[in-house]
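Following: one structure in C-alpha cells, then a few remarks.
All chains are named by letter (A, B, ...) in the order of the sequence lines, taking the proteins before the strands, and each is independently numbered beginning at 1.
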Amino acid sequence: MQERYDAVAIEGRWQERWRREGTYEIDNDDPRPPYYVLSMYPYPSGPAHMGHVRNYTFGDLLVRYRTMRGDGVLSPIGFDSFGLPAENAAIRTGQHPRTFTEDRIAELSSSLERIGAVYDMRRVIRSHDPDYIRWTQWIFVKFYEAGLAYRDSAPVNWCPGCQTVLANEQVLADGTCERSGDLVEHRELAQWFFRITAYAQRLLDDTADIDWPERVKNMQRNWIGRSVGTELTLPIADAGGQARDDVPPVEVFTTRPDTGFGITYAVLSPEHPRVDELTAPAQRAAVEDFRRSVATQSEMQRLSTDGRLDKRGVACGTSVVNPFTGRPVPVYLADYVLMTYGTGAIMGVPGEDQRDWEFAVAHDLPIVRTVQPPEGWEGEAYTGDGPSINSDWLDGLGVADAIERAADWVESTGLGRRKVNYRLRDWLLSRQRFWGCPIPMVCCDTCGYQPVPESELPILLPDDVDFLPTGRSPLNAHEGFLRTACPACGGPARRETDTMDTFVDSSWYFLRFADPANSDAPFSGEAAARWLPVDQYIGGIEHAILHLMYARFFTKALVDIGVAPAGLSEPFARLFTQGMIRLGGAKMSKSRGNLVAPEGILDRQGADALRLAHLQVKPPQDDVDWEDFGIDGCAKFLGRVWRLVTGEAHTGAPARSGDPTAADLEVDRGAHRLADRVTRDFDRWSYNTAVAACMEYTNELYRYVQAPDGPHGEVLEAALDRLLLVMAPMVPHVTAELWERRCGRHIHSEAWPAADPAKLRAERVTLVVQVNGKVRDRLEVDAAIGESEAVEQALASERVRRHLDGGSPRRVIVRPPKLVNLVV
RNA sequence: GCCCGGGUGGCGGAAUUGGAAGACGCGGAGGACUCAAAAUCCUUUGACCUCGCGGUCGUGUGGGUUCGAGUCCCACCCCGGGCACCA
C-alpha cells in the first residue's frame, strides 16, 4: 500500500479496462434518464494538441460526472475527416487523402484515449465513410427537392490559395480567407447554395430559447443582421422632370423613410441591372469607365474608407422623382452601394447621413435638413432624434413617429411597403476540391441538373486519381467518375465534380450519433427524439458563427422536411465555448508552428496531472497562456492525495474510535461542504474553483492526520471517500486506482456523493464586528446566535470599545451570525 | 460608429444574494528532515507607517446611493471580441 504514485502505469491499466469493458457504451433503450454530452468532433490532424486536450477534458469530466449522478450518458466521438489539409498532403506526397486521413485518425484516437477521455466507441462517425457520405448526399437531395438547395450564378468569393470558392462566413473581416489567409477575389460563377436565408428570422428568434453564451448569440444576431425599414419606389423622370409611368421605377431600401423630403439624389450600385437603361448618352463613356475601374478593384480597396468620394461616384445624367416633393433628383453610381444588400440602390439624404453628406458636398448636390439638430450643433449630418423640419405634413414629429407616419404614407399611396432586410446570405456549399463529399447531381444537356436517385447513393470518390497542384479537382479529369447516364432521360450526362463544404458534414453528425448504424435513414425519428437536443455541447469560440449557425439551420430544415422529429427546433440546448490556448502571445495552432505536444507530459506527469492543470489554470471559458499552466503543481497535489489516502501522510497519533470530538465533526462537515461546493461548481462550469475546493480540503485533512491527538478512524475514512468521489470526474485514473485499493470496486460506477444539508451549516462561525463599516474585531460565536446576543458580544470586545471612544453607537446594524456594524 | 465581454497582489485567479477583499495555485522568504541534495513536511508572503500593539491605504479613473460597494447607479479611460460605406 505504501508504493509511490506512478501515474503512467496506473493510467494505461485503467484506459485499457474502460475500453475492454465498454464502460461508457450506452444503448438507446437504457433505462436511466438520457443525457447527451458532445464535444465538437475534431478534424484529424495527427496526435492531439493542447486545444484538443482542453476540449476533451471538459467533455470527459461532464460525461463521468453525469454518469455518477445516475444519468444514462451518450458520449460519442467522431472525425471531421474531409478537408483541405489531407488533399494538400496528397498533392505533396502522392499519398491518397484517405490513407493519409485514416493514419491521422488512428493517431488522434490513441491520444484521446491517453488523456482518459471515454466514449461509446461503437458509435464512431467519420465524415469520409461511405455510410456517412450516403446520408449526407441523401439529405442534399431531400433539400434539393424541397427547394432548399439550388444552383445559381452569383458573385462569389474565390480563394486563390485554396483554389476554391468560399462561403461568406469563411471570409474574414479584412477580406482574407479564414484558412489560408489569402486575399479573397470576386468571381461570377454558377454554384450550389443552401437557402439558409429562408430561416433568417427563425435563426434570430430562437436564440432566445437556447442556453448559450450571450457573446455567441450576439455574434449570430449580428451576422444575421436584421434591419427594419421601408422599400420605396422612385419613378423615372422624363425630360421635363415629370414621373414616367411607362417604365418601372427604381426601388430603394431605407430605414429612414421620415427623411424622404430630404432626398436630393439617388445612387445605384455599379452592378445594378438598370444602369445601362438609366445612363444618358452623354454620360455613357464616363459610366463605363467607372464600372470597369470598380470591377478591377479588390474588395479591400472598395470597402476602404479613404479615397475621395467624387472619384468614387459618377453621374448617370438622368433623374428620378422624389415622391415626397414631386421634384426630380439626379441619379449617380457609387461603389459603396452594394448590389448584395437591400435593392442595390439608395436614396441620398445628406442632412441625416454622414456618408451622403460627404457625397453631396463632393458632387455639389443640395443638402436639405429634415430633422432639427439640437441647439449649438456644429456637425454635418445629424442622425439623432429631433423634430421633423422642411417636411410638410411630417413637421414637428419626432424621428420614431415620423418613421411610422412616413411608412404609412408610402404604403397607402402604393409607393412601397415596409420591409425587413437581413445581412445573412445563402450558404455557398460547393467547393472545387477533391477531398469532400461529392454533390450527388448529374448534368444532362437535355434535362439540366438532376439529382442522383436514392438507390444509387452513395456517390463515392474514386481511388485511382492523380493529384496535380493545378487547383482543378482531379475529378474533372476522371472519365470513369465523370461519365454517367441522366437519371431522367437515360441519355449521356456528366456528374457534378464539385464537392461539399466540410461544414455540411458537421451540420448533422450530432443527429447520426443517436442512431449511427441505421441503414434505412440518416437516423430514426425515435432515436433523435430520445437524445436530441444535445444537453451539453462543448467547443471552441471560433465556431461561433460558421458551424453553429449551419447546424442550427440544418436541424430546422430537417424538421421541416419531416426527417427530424417535429418537436425539435434547436440542435444544442446548452453550449459551452472554451477559451483558446496561446503560446508566446499567439493562438496555438499548427499553421503557426507553436503547438505544445501533450506526449511529453503524459509520459512524465501523466494524464491526470495534465487534465487537472487544464481545469485549474483559469475559468474554462477564458483564453489561457500556456506559460500559466502549472503541471508540476498539479502532479504534486495528486501525490499529496495519494499519500493522504495510502496513509503515508499520517504522522500524528494513531486513529481513534469512540465518540467524535468537535474537530472530528468539523472534518465531517467539511466533507459535506466539499461535495456541495464541487457539485455547484461543476454545474456552473467553474472548474478552477472546484479544484481549489479539493486542494483546500486536502490541506485540512493533512492538518487533521498530523494533529497530536490523531484522526477519528471512521471520520477520516468517510472524508477520504468523499474526496476521492468528487475528484473522480476530474482525475479519473488516480481516483479509480485508489478506490479499487480501498474497497475493490470501480469508482466510476459509484453514486455521486450527496451533501447532507444538516451538515452544511457550521456550528461556530466568525462574527465580524465593524465600527462605522470598518472591521475592528472577529469573534467566534455559535451559528445560532440571536441579534441581542450578537450585539452584546460585539460591545464586550475590547478592540471594539477602543474605537467607540467610550460612547455608545447611534445605530446598530445586526446580521447574525455574520455581522454587527456599530455606527457612531 | 453600433453591439457584447472584461480591468482585483510579483503572476493565474477567488469572493455564488450589497456584509471578512485577495480562497486555491504559481512565484518569493524562512524553518524541519538530510553528511548534502532531491523529494517531503511546516510557517510566512497586498502596499505603506510602526520595535511592537496597532494604524492608514487598497479591486482601471472620477462622482453618487448605502450603516456598509470589487459587487448597485452616473460619467469617463483602457483592453479583448463581433458587426460595419448595410442604406
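Distances shorter than 4.0 Å separate none of the side-chain N or O atoms of A:R215 from OP1 or OP2 on B:rG5. In this structure, A:H803 reaches the B:rG55 phosphate: one of its side-chain N or O atoms is under 4.0 Å from OP1 or OP2. Between B:rA39 and A:R4, no contact under 4.0 Å exists linking OP1 or OP2 to a side-chain N or O. Side-chain N/O atoms of A:T689 include none lying less than 4.0 angstrom from OP1 or OP2 on B:rC24.
Distance CD (A:Q621) to P (B:rG5): 13 Å, rounded to an integer number of Å. A:Q354 places its CD atom 16 Å from the C1' atom of B:rC2, with the value rounded to the nearest Å. Per the geometry, CD belonging to A:E627 stands 16 Å off P belonging to B:rC11, to the nearest Å. When the P atom of B:rC86 is taken as reference, atom CD of A:E231 falls 18 Å away, rounded to whole Å. Taking atom CD1 of A:I224 as the reference point, atom P of B:rG82 lies 17 Å away to the nearest angstrom. As rounded to whole Å, 11 Å separates atom C1' of B:rG18 from atom CG of A:L819.
The listed nucleotides are B:rC67, B:rC24, B:rG12; the one nearest the side chain of A:I813 is B:rC67. Distance from the side chain of A:R778 is smallest to B:rA20 among B:rA39, B:rC24, B:rA20. Set against B:rC42, B:rG19, B:rC24, the side chain of A:N821 has B:rG19 as its closest nucleotide. Residue A:M695 has its side chain nearest to B:rG25 when only B:rA14, B:rG54, B:rG25 are considered. Distance from the side chain of A:N222 is smallest for B:rG82 among the nucleotides B:rG82, B:rU40, B:rC67. Checking B:rC11, B:rA15, B:rA87 against every side-chain atom of A:D628, the shortest atom distance belongs to B:rC11. Out of B:rA39, B:rA14, B:rA87, the shortest distance to the side chain of A:T255 is found at B:rA87.
The distance between the ring centers of A:Y687 and A:W685 falls below 6.0 angstrom.
For B:rG70, the glycosidic angle deviates from 0 by more than 90°, giving an anti base.
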